[in-house]
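Keep in mind that what you see is a predicted model, and the values were worked out from it rather than measured. For this chain, numbers begin at 1 and follow the sequence in order.
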Amino acid sequence: PVPHLSQHSTIERDGFNLMSIQMGSQSGTHVDAPFHFDQNAKRIDELDLGLFYGPGRILDCGDLKPREKITLGHLGEQIDLVKPGEILFFKTGWSDFFGTLEYFNNPYLASDLVEHLLNKGIKTFGLDALNIDETPDGSHPGEGFPAHHLIAKAGGVICENLTNLGSVDFDSPVFSILPLKFIGIDGAPVRAVAIEN
């Protein structure tokens with residue numbers, strides 16, 4: 001859904017300013033609950049808040065081509081530094097294309113990479129692109145969202161449409177991607193921040 005903001009009240013007319021906001025549950029930078037891909041899984045308000053706040057790591061994926069699958073090979077020795085329970089963000093550089101059609105040709109995570117990280121104790125995944133899986137369109141049907149399904153099955157969460165990952169220039173960041181507390185739905189927008197500890 002296309003977000004729409006309109007002025008509902010004004011100081012001149014009503015004595016206060018108030019906006020009316022219409023958007024999708026996954027507009028802008030947002031998190032997916034497992035319910036997004038599993039009808040019987042937890043919804044956004046049922047998840048442990050520890051999934052959305054804590055120490056994390058940004059993994060630099062290097063230079064990527066449109067629709068390139070991100071594999072263990074892209075990450076090299078960075079993967080050995082990952083600790084159980086960390087929040088992992090994948091830096092693709094694709095947020096530079098936001099607002100263009102190229103944004104829909106995003107790189108995405110290989111399912112065996114996701115499985116490897118789930119086995120290492122990772123439950124929170126994020127990237128600076130539209131979709132953690134290949135984004136389907138008329139000429140690219142995609143693979144059926146394997147990364148989403150694997151993470152949902154593990155009770156994990158996904159954060160998409162991150163930006164400014166390059167501005168995190170300090171070690172050992174603490175990430176906050178706390179969602180709005182919508183009741184019983186698939187996800188929610190977030191204000192994602194990296195905190196220098």
Residues clustering with F16 (ILVMFWY side chains joined when closer than 4.5 Å, directly or via others):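 Besides F16, the hydrophobic cluster comprises L18, listed by chain and residue number.
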
Any donor-acceptor pair under 3.5 Å from [X] side chain to [Y] backbone:
X: W94; Y: E102; answer: yes
X: N105; Y: R67; answer: no
X: K42; Y: G155; answer: no
X: H116; Y: V114; answer: no
X: E134; Y: H140; answer: no
X: E160; Y: I132; answer: yes
X: N119; Y: E115; answer: yes
X: H74; Y: T71; answer: yes
X: E86; Y: L88; answer: no
X: S25; Y: A188; answer: no

Do [X] and [Y] come within less than 4.5 Å of each other through their side chains, counting heavy atoms only?
X: I195; Y: F175; answer: no
X: V193; Y: I177; answer: no
X: L113; Y: L72; answer: yes
X: L162; Y: F89; answer: yes
X: I185; Y: R43; answer: no
X: N17; Y: Q7; answer: yes

Contacts of type ring pair (Phe, Tyr, Trp, His ring centres under 6.0 Å), residue Y53, not counting sequence neighbours: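 Per chain and number, Y53 pairs via ring pair (Phe, Tyr, Trp, His ring centres under 6.0 Å) with no residue.
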
Using the ring pair (Phe, Tyr, Trp, His ring centres under 6.0 Å) criterion, which residues pair with F90? Sequence neighbours excluded.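 Once residues adjacent in sequence are excluded, F90 has no partner under the ring pair (Phe, Tyr, Trp, His ring centres under 6.0 Å) criterion.
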
Do we see a donor-acceptor contact under 3.5 Å between the side chains of S172 and N197?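 Not at all, the side chains of S172 and N197 share no donor-acceptor pair under 3.5 Å.
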
Which is it for D186 and Q26 under the side-chain hydrogen bond (donor to acceptor under 3.5 Å, both in side chains) test, yes or no, and what are the steps along the way? CA-CA 8 Å; D186 55 279; Q26 299 187 20; 2.7 Å; yes

Any ion pair linking K69 and D133 (charged N to carboxylate O, less than 4.0 Å)?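 Salt bridge between D133 and K69, a charged N being under 4.0 Å from a carboxylate O: no.
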
Plane angle bin for Y103 and F98 - parallel if under 30°, tilted between 30 and 60°, otherwise perpendicular: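 Because their plane-to-plane angle is over 60°, the rings of F98 and Y103 count as perpendicular.
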
Do you know which of N161, N131, T135 makes side-chain hydrogen bond (donor to acceptor under 3.5 Å, both in side chains) with N106?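 Single side-chain hydrogen bond (donor to acceptor under 3.5 Å, both in side chains) partner of N106 among N161, N131, T135: T135.
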
Quick check on D63: does its CG atom have over 12 non-hydrogen neighbours (other residues, nucleotides or ligands) under 6.0 Å away?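 At most 12 heavy atoms, drawn from other residues, nucleotides or ligands, come within 6.0 Å of this atom.
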
